[in-house]
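Input: a single structure, listed below in structure tokens.
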Amino acid sequence: MGKLDGKVAFITGAGRGQGRSHAIRFAREGADIIAVDTTRPVDTVPYPLSSAEDLAETVRAVQATGRRIVARDADVRDYAALAETVREGVSAFGRLDIVVANAGISSPASTLEMSEETWQDMIDINLTGVWKSLRASVPHVIDGGRGGAVVITSSLAAVHANENMAHYSASKAGQVMLMKVVAKELAPHNIRVNTVHPTTVATEMILNDATYRLFRPDLENPGRADFEEAARTLNRLPVAALEPEDITATVLHLVSDDAKFITGTTQLIDAGGAL
Ligand SMILES: NC(=O)c1ccc[n+]([C@@H]2O[C@H](COP(=O)([O-])OP(=O)(O)OC[C@H]3O[C@@H](n4cnc5c(N)ncnc54)[C@H](O)[C@@H]3O)[C@@H](O)[C@H]2O)c1
């Protein structure tokens, strides 16, 4: 018996990192998966987004569990592509129960010096992209009439200020009120909506030079060890970065029946970082 037997989950940003981890674990727990990620580069992001091979690896790993997956190259800024992918998945699997709006970018920059494009790409992907993901998918959950669960991947940055992250923090804090309003609107349908707020997670979003420099402005060419030294001071528990599976454990809890009366909440997974 899996925790998600017979259910179908739509996950954005499933090509790698946390999104891939959620897809594989959900499949192990009995769910079929509808996945999107994008290979379209975003010029203001200082590290590469997922490749076609990344998404193909997610497909392979989900299928290896014995579950089914519909995976498409779709950008969360493209409502029509999201809606088409979800329609295709629901027609293949017959239902939709769970939505995880996980896709996101990071592009550290000073508030008063960043370009308009840097600000706008962030809001378009991390905030408007979440709304588009919900708009394209949740009506199918409502139509099922069986209730359901939505999780939005926010960040510790929604509640804890760090320099050079104004656009990221604003987008992640914006997700919280989006979540709360939607939680209220969907409660009569027995659909629960929550946000998770991870601290540093060891994925390509932070394992790159731009993030190393953000954490270590005191060094000219900081590397991963230098970053980890600083990250350990952000987290109160003795850890530099969590693993994607650590976030999946909480996301799985929130979308499973174990959390059947938890809605409208902000779940910190921050190793004490907000203390
Ligand atoms: N890594 C961290 O330290 C950390 C901490 C807190 C919150 N988060 C959040 O966790 C979520 C997952 O990030 P991750 O850590 O797995 O990093 P990641 O970069 O490995 O994964 C993010 C995924 O989103 C995809 N994506 C980006 N823009 C997209 C778009 N426009 N359309 C479709 N897909 C897009 C990327 O291709 C990538 O596969 C993000 O929302 C991120 O902001 C990450």
Side-chain angles (χ1 to χ4, degrees), residues 10-24 35-58 71-79 81-82 85 100-108 120-130 132-133 136 151-160 162 165 167-176 195-208 210-212 214-215 227-228 231 234-235 239-248 250-251 266-271 273-274:
F10 172 53
I11 303 172
T12 69
R16 69 179 190 209
Q18 296 174 53
R20 178 192 283 166
S21 168
H22 302 337
I24 296 170
V36 293
D37 209 304
T38 189
T39 52
R40 185 172 141 192
V42 180
D43 291 341
T44 56
V45 176
Y47 57 90
L49 300 186
S50 276
S51 63
E53 294 71 35
D54 287 327
L55 192 56
E57 173 55 25
T58 298
R72 296 289 175 267
D73 185 336
D75 192 307
V76 294
R77 291 169 292 181
D78 182 349
Y79 173 75
L82 294 174
T85 302
V100 182
N102 159 84
I105 57 167
S106 170
S107 52
Q120 198 60 51
D121 285 347
M122 180 64 71
I123 301 304
D124 287 348
I125 293 173
N126 284 17
L127 185 55
T128 311
V130 170
K132 288 185 182 180
S133 300
V151 171
I152 298 170
T153 304
S154 179
S155 171
L156 174 58
V159 296
H160 181 91
N162 280 314
M165 297 295 276
H167 51 334
Y168 185 81
S169 282
S171 72
K172 293 298 188 182
Q175 291 175 354
V176 172
T195 46
V196 292
H197 299 256
T199 182
T200 42
V201 186
T203 65
E204 288 175 56
M205 176 174 285
I206 62 164
L207 300 179
N208 61 64
T211 310
Y212 298 162
L214 175 73
F215 275 74
F227 153 74
E228 289 189 348
L234 170 72
N235 301 324
V239 62
L242 311 187
E243 294 300 325
E245 294 74 19
D246 298 322
I247 313 309
T248 298
T250 297
V251 173
T266 52
Q267 178 66 62
L268 288 168
I269 314 163
D270 70 340

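Both counts, for ligands and for their atoms, begin at 1 and track the order of listing. Only heavy atoms go into these numbers, but all of them, side chains included; no hydrogens, no water, no symmetry mates.
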For [atom], grab the closest protein heavy atom and report residue, atom and distance to one decimal in Å.
{"atom": "atom 15 (O) of ligand 1", "result": "Thr203 OG1, 2.7 Å"}
{"atom": "atom 5 (C) of ligand 1", "result": "Thr199 O, 3.2 Å"}
{"atom": "atom 8 (N) of ligand 1", "result": "Tyr168 OH, 3.5 Å"}
{"atom": "atom 32 (N) of ligand 1", "result": "Val76 N, 2.9 Å"}
{"atom": "atom 2 (C) of ligand 1", "result": "Val201 N, 3.4 Å"}

Give the contacting part of [X] toward ligand 1: side chain, backbone, both or neither, where contact means a heavy-atom distance below 4.0 Å.
{"X": "Ala74", "value": "backbone"}
{"X": "Val42", "value": "neither"}
{"X": "Ile206", "value": "side chain"}
{"X": "Ile105", "value": "side chain"}
{"X": "Ser154", "value": "backbone"}
{"X": "Ile125", "value": "side chain"}
{"X": "Asp75", "value": "both"}
{"X": "His197", "value": "neither"}

Next on the checklist: Within the 3.5 Å criterion, strictly below it, is a donor on His197 or Thr266 matched to an acceptor on the partner's side chain?
Outcome noted: no
Numbered atoms of ligand 1 (with element) below 4.0 Å of [X], judged on heavy atoms:
{"X": "Ser50", "answer": "37 (O), 38 (C), 39 (O)"}
{"X": "Thr38", "answer": "29 (C), 30 (C), 32 (N), 33 (C), 34 (N), 35 (C), 37 (O)"}
{"X": "Gly17", "answer": "16 (O), 20 (O)"}
{"X": "Pro198", "answer": "5 (C), 6 (C), 7 (C)"}

[X] N/O to ligand 1 N/O under 3.5 Å:
{"X": "Asp37", "result": "yes"}
{"X": "Asn126", "result": "no"}
{"X": "Lys172", "result": "yes"}

Out of [options], who is nearest to [atom] when you count heavy atoms only?
{"atom": "atom 27 (C) of ligand 1", "options": "Gly104, Ala101, Ser51", "result": "Gly104"}
{"atom": "atom 12 (C) of ligand 1", "options": "Asn102, Thr153, Thr200, Ile152", "result": "Asn102"}
{"atom": "atom 13 (O) of ligand 1", "options": "Arg16, Gln18, His22, Arg20", "result": "Gln18"}

Checklist entry - Between Leu127 and Gly174, which heavy-atom pair has the shortest distance, and what is it? => result CD1-C, 3.6 Å
Checklist outcome for this item: Closest non-hydrogen atoms of Ala202 and Leu207, given as atom of the first, atom of the second and distance, are C-CD1, 3.9 Å
Item to check | Ion pair Arg20/Glu57, N-O distance below 4.0 Å | outcome: no
